[in-house]
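These notes concern the structure reproduced below.
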Protein chains: 2
Amino acid sequence: MGIQLPTIKQIAKQLNVSASAVSRALADHPRIGLGTKERVKKLAEELGYEPNAQAIFFKQKKTHIIGVVLPFIREEFFSQAISGIETVALDHNYTILFGQSYDEVEKEKNVVETMKKQRVDGLIISLSKNTNNYEHLEAFNKYKIPVVYFDRVPELTDTNKVQTDLFKGTVDIVNWLSTNGCRRIALINGPEKMAASADRLKGYMQGILKQKRKIDMQLVEATDFSKERTYAAMNSLLALKNPPDAVISFNDYVHMDAVQYAKQKKIKINKDILFASYANLPITDYTSHPPRVSLEQYPFMQGEKAMQMMIEILNQNKTDNDSKINSKNEIIPTTVVTR
Amino acid sequence: MGIQLPTIKQIAKQLNVSASAVSRALADHPRIGLGTKERVKKLAEELGYEPNAQAIFFKQKKTHIIGVVLPFIREEFFSQAISGIETVALDHNYTILFGQSYDEVEKEKNVVETMKKQRVDGLIISLSKNTNNYEHLEAFNKYKIPVVYFDRVPELTDTNKVQTDLFKGTVDIVNWLSTNGCRRIALINGPEKMAASADRLKGYMQGILKQKRKIDMQLVEATDFSKERTYAAMNSLLALKNPPDAVISFNDYVHMDAVQYAKQKKIKINKDILFASYANLPITDYTSHPPRVSLEQYPFMQGEKAMQMMIEILNQNKTDNDSKINSKNEIIPTTVVTR
DNA sequence: TCATTTTGTGCAACCGGTTGATCAATTCAC
DNA sequence: GTGAATTGATCAACCGGTTGCACAAAATGA
């Protein structure tokens, strides 16, 4: 009761050998006698000895811990992503230190700071919607702690990123909607500052132009992801003299609110107006009005790729000694899914 | 580029003082001269010095890391819970090491093992649906690493638990359904092994008896949470000579599948059959058929309470030296929510 | 003026493992 | 039988802080 976890020294004392002999015996060092090895291993087994990861990593100046920072774990997109990260991490003996930014820059800074204090070996982060200053993250570069961004990536070129091809994906959505008869396609975009919003907008405009149609900025609204702002956006769109016959929402959560508002206004969902969205989350299967078109963004895969990229960088840093700045960029193709 | 994070020794060398002087200066030790303190603090600021948490905790034999193991982070119940845990943890300078069991005992064992190797200060866990042997967790007792269970708790008495009053909650649901005219109330329960299932069943039976009605075990089905098993359960219920006029599902996810199946069978949801469920997850607001009655289980609060309990235990262990086994049990009242 | 206290700082051990250097004992080669 | 190689194990330093103890210098008291 209340014993401390067994240490190498305890084993050493009990067997009257040195701590280093025990350490080497457990590592099957060739210069340790067979008898000693056996006795050490037997006792280690009996005591349930497990190496103190903290001590090893402390000495090696490695923690084998990767910090993961997300805006909201409750969004299925991010819970899928962290599952992908976790899966790959476990395969490589890394563990996940978890933190949320709740889409607030201040909280993001705090949690990132805490992780730096904990000396994580690397950081995987999806930015808060308001993050447009990256100082708190560039501090990591200085100390050669790799940072991998995924999905919500910064507008920097010399960083590691995993993202989906939102530009092409949005063009595809617009194409599909056009092919299916839509002539007034609206977009409820995210906050302007976000790169993800810019990509969507570019794709949207490109898609419209491809259809040899004019861009009408009245059809482009923005939301801060709050239900109120999304409602307001829908309200503006429905109030137009020439209202849209299709609405593309920033993601499935915005979509749900948009639909909820439209429903209140007696709009027939996916009849009067076709609804499109991003992410294609499994939960939408259970919702009253899943989007007619959704852009699958493979969040689990994004998580996997981000962690794989992290492992590569860490291994590379171990061998190479050159402090060349990493800038890997993995772009995952998207898929248009219809219902 | 590629500098290591500043250490106390670097500061000491640059100022020609000893490391201990620097350490004490930063801690405002009274025996350090004012001039020295100033110079040390100034340089520390300039270099952006941050104490190496790993080193401190290593020396103190504390990591200030709490392991959190959940079945599925993608379930909103658990993502809310971990947010509650995180909130309290941050307030007390603890960080969260994250792991999922995916409802598999083997994965649970692995992740728990990894956390032991990482020397977490404590473990907060919601058990996998199949965990009925607690050896891998009792190992923590031996080393006085506190374990707090929440929601899915084990059938042990001498452990720390945070749970909701499922027994009373279920009685309340049955009462509400009876008051609203239901005479044939069915229950789609979870796996038998789970304590949470047993509590629901007891509450269900108590509720029925209270109504001076007989218990019909044909109305009690079980699911392993897979869509297939839930479909099968609904199928059995609907095939009864005397089918139910109310169905209580184990949780909102089971509910969604149950409703989906009933819909296929042309049942009018919440008309022909009233549907009740547990958890009252926000996402149900967007689903086609939210449960008519839901038992709010306050997952965020459960997370908070679990972490608070953890902090208390850790503080208590610090002062008290007696190795008395903790067994705190916090039962959170539930609320019946109707739509 | 000398003994005593106070003040400011350094030394060294420690946490739990790892690892290069070292060393004694044994085996081997010739 | 002597020198060299091999074997088996120990020693000591290290990672980055913290902390009890020692110690010198300065301040205080009688």
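Labels below follow one simple rule: chain letters A, B, ... track the order of the sequence lines, proteins then strands, and each chain is numbered from 1.
Not one side-chain nitrogen or oxygen of B/S20 sits closer than 4.0 Å to the OP1 or OP2 atom of C/dC11. Contact annotation: A/S23 reaches the phosphate of C/dT18 (side-chain N/O to OP1 or OP2, under 4.0 Å). For A/Q4, a side-chain nitrogen or oxygen approaches OP1 or OP2 of C/dG16 to under 4.0 Å.
Spacing between atom CZ of A/R31 and atom P of D/dT6 amounts to 10 Å, rounded to whole angstrom units. Rounded to whole angstrom, the span from the CG atom of A/L47 across to the P atom of C/dG17 amounts to 12 Å. The CD1-P distance, from A/I8 to D/dC14, rounds to 20 Å in whole Å. Summarising the geometry, the separation between NZ on B/K59 and C1' on D/dC14 is reported as 15 Å, rounded to the nearest angstrom. Counting to the nearest Å, the C1' atom of C/dC14 and the CD1 atom of B/I56 are 15 Å from each other. Across the protein-nucleic acid pair, B/K62 atom NZ and C/dG16 atom C1' stand 15 Å apart, rounded to whole Å. Atom CD in B/Q60 sits roughly 12 Å away from atom C1' in D/dG16 (whole-Å rounding). Summarising the geometry, the separation between CG on A/L15 and C1' on D/dA9 is reported as 14 Å, rounded to the nearest angstrom.
Counting distance only, with no hydrogens placed and no angle test, the side-chain atoms of A/R24 and the base atoms of C/dG17 include no donor-acceptor pair under 3.5 Å. For B/R119 against C/dG17, a side-chain-to-base donor-acceptor contact under 3.5 Å is absent.
The residue among B/K61 and B/K37 whose nearest nucleotide of DNA chain C is located toward the 5' end is B/K37. Residue whose closest nucleotide on DNA chain D sits further toward the 5' end, between A/A55 and B/A21: A/A55.
Within the nucleic acid shown, B/V22 has no heavy atom closer than 4.0 Å to any nucleic acid atom. A/T7 comes within 4.0 angstrom of sugar-phosphate atoms only, judged by non-hydrogen atoms across all strands, and of no base. Counting non-hydrogen atoms under 4.0 angstrom, A/Y49 reaches the backbone sugars and phosphates but no base.
Salt bridge B/E46/B/K42: present, at least one basic N to carboxylate O contact under 4.0 Å.
Under the 30°/60° scheme for interplanar angles, the aromatic rings of A/F78 and A/F150 are found to stand perpendicular. Using bins of under 30°, 30° to 60° and over 60° for the plane-to-plane angle, the ring pair B/Y102/B/F72 lands in the perpendicular bin.
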**Request:** Show your reasoning for whether side chain to side chain contact (heavy atoms under 4.5 Å, CB included) applies to A/I313 and A/N160.
**Result:** CA-CA 9 Å; A/I313 296 168; A/N160 307 295; 3.6 Å; yes
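Proximity of B/E330 to B/Q308: side-chain heavy atoms (C-beta onward) are nowhere separated by under 4.5 Å.
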